[in-house]
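See below for the structure under consideration.
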Amino acid sequence: MKRDFISVLDAERDFVAVVELAANLKNRHRAGELYEPLKNKNLAMLFEKASTRTRVSFEVAMSQLGGHALYLNPQDLQLGRGETIADTARVLSRYVDAIVYRAYRHEDVVELAKWTTVPVINGLDDVEHPCQALADLFTIQEHKGELKGLKLAYVGDGNNVSHSLMLASAIVGMDVVVACPDKFRPRADIVKQAKEVASRTGSKVSVLPDPVDAVKGADVVYTDVWVSMGMEKEKAERERIFQPYQVNQQLVNKAKEDAVVMHCLPAHRGLEITDEVLDGTKSVVWDQAENRLHAQKALLVKLLGAV
Ligand code: CP
Ligand code: NVA
């Protein structure tokens with residue numbers, strides 16, 4: 001496994017193994033087994049943006065693995081008073097064994113990783129949300145029993161979550177289609193990377209404008225917020241343009257009969273997804289949220305060399 005997990009592609013070769021380990025660790029946790037391979041290991045969690053799932057699941061993950069996590073708000077660090085990322089990185093490397101960084105700018109995550117001597121995990125930035133994609137594919141594997149050959153339809157904003165999902169789907173050989181307005185397509189370079197991977201694994205990656213076309217034959221219907229953190233000034237325009245991309249019962253009915261519905265959460269009920277769908281029988285969002293914990297435990301164990 002590469003030292004850092006900044007893009008889903010950093011785990012390209014190990015993706016399936018991490019998903020398998022997540023399932024294994026989940027079972028062992030459910031069985032009440034104590035498994036503490038990260039005793040005396042410390043994880044710094046540097047969060048520039050709000051978080052419920054990522055923050056809590058990483059902290060609990062470290063605790064369950066026998067280690068410790070520290071939540072760091074940049075505003076309370078000297079980073080907030082002008083100490084550079086490079087200097088912060090070198091100092092933190094002397095104290096902790098890994099760093100999770102949730103940042104506004106992807107370049108800042110890359111900069112931190114450049115200067116640390118310990119693994120850096122991207123806890124979401126403006127380009128990717130790789131930990132989410134890891135937990136999502138684990139959740140699909142649990143519910144469908146397989147990944148290769150399935151079809152995932154992502155409906156909404158071509159954002160960080162869509163980018164990581166495209167790359168992850170391509171890695172495991174799952175078809176992925178993104179339905180979005182022209183102005184909010186996923187980044188062309190990421191689509192290209194996903195297509196390159198897909199050509200090796202035999203899957204298809206496509207981006208199209210019509211949500212109904214996208215969900216036809218889909219095993220998974222996935223959506224995320226229309227206004228990501230940092231995009232708040234575009235709220236009015238986005239809420240208008242994305243209206244036809246709402247994941248409601250009518251749209252879900254066009255997918256496969258046994259399709260599951262996913263959302264990385266937090267959800268804006270009544271906007272990108274209706275209550276009826278989020279709380280409906282096809283929704284697996286609470287399993288998906290739980291699986292952040294198990295997937296990140298697997299990631300930490302791999303990155304910190306405990307297996
Ligand atoms: N899905 C996700 O990353 O949620 P948080 O913003 O609550 O961490
Ligand atoms: N795309 C969303 C995901 C939140 C978990 C954001 O970046 O705000």
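Indexing begins at 1, ligand by ligand and atom by atom, following the structure's order.
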Looking only at protein heavy atoms, which one is nearest to [atom], and how far off is it?
| atom | value |
| --- | --- |
| atom 3 (O) of ligand 1 | H129 NE2, 2.8 Å |
| atom 2 (C) of ligand 1 | R292 NH1, 3.3 Å |
| atom 4 (C) of ligand 2 | L124 CD1, 3.8 Å |
| atom 4 (O) of ligand 1 | R53 NE, 2.8 Å |
| atom 7 (O) of ligand 2 | N160 ND2, 2.8 Å |

Whether over 12 other heavy atoms sit under 6.0 Å from [X] [atom1]:
| X | atom1 | value |
| --- | --- | --- |
| K282 | NZ | yes |
| Y95 | OH | no |
| N40 | CG | no |
| K49 | NZ | yes |
| Q250 | CD | no |

query = Mind checking whether C264 has an N or O less than 3.5 Å away from an N or O of ligand 1?
reply = yes

inquiry  = Is there a polar contact between ligand 1 and T52, counting only N or O atoms under 3.5 Å apart?
reply    = yes

ask   = Would you call E234 and F184 a side-chain contact if the rule is heavy atoms closer than 4.5 Å?
value = yes

query = Hey, which atoms in ligand 2 end up nearer than 4.0 Å to a heavy atom of V225?
reply = 2 (C)

ask   = Which ligand 2 atoms are under 4.0 Å away from a heavy-atom of L265?
value = 5 (C)

inquiry  = Tell me if the centroids of the rings in Y101 and F47 come within less than 6.0 Å of each other.
reply    = no

inquiry  = So that I can tick it off, tell me whether E12 and R200 are bridged by a salt bridge, with the cut-off set at under 4.0 angstrom between side-chain N and carboxylate O.
reply    = yes

ask   = Does a salt bridge link D258 with K144, judged by any charged N lying under 4.0 Å from a carboxylate O?
value = yes

query = Looking at W226, does the NZ or CZ of R238 lie under 6.0 angstrom from its six-membered ring centre and within 45 degrees of the ring axis?
reply = no

Is there a nitrogen or oxygen of [X] sitting under 3.5 Å from a nitrogen or oxygen of ligand 2?
| X | result |
| --- | --- |
| M229 | yes |
| K49 | no |
| S228 | yes |

query = With a 4.0 Å cut-off on heavy atoms, does V227 reach ligand 2?
reply = no

query = What are the two closest non-hydrogen atoms of Q288 and T139, and how far apart are they?
reply = CA-OG1, 3.6 Å

query = Q249 and T274: which non-hydrogen atoms are nearest, and at how many Å?
reply = N-OG1, 4.3 Å

Applying a heavy-atom cut-off of 4.0 Å, say which part of [X] lies close to ligand 1: side chain, backbone, both or neither.
| X | result |
| --- | --- |
| K49 | neither |
| L265 | backbone |
| R102 | side chain |

inquiry  = With a heavy-atom distance limit of 4.0 Å, tell me whether T54 approaches ligand 2 through its side chain, its backbone, both, or neither.
reply    = neither

request  = Only heavy atoms count here, so choose which of A50, S57, S228, S51 is nearest to atom 8 (O) of ligand 1.
outcome  = S51

key: Heavy-atom proximity to atom 3 (C) of ligand 2, best of D224, D157, D126, N159   = D224

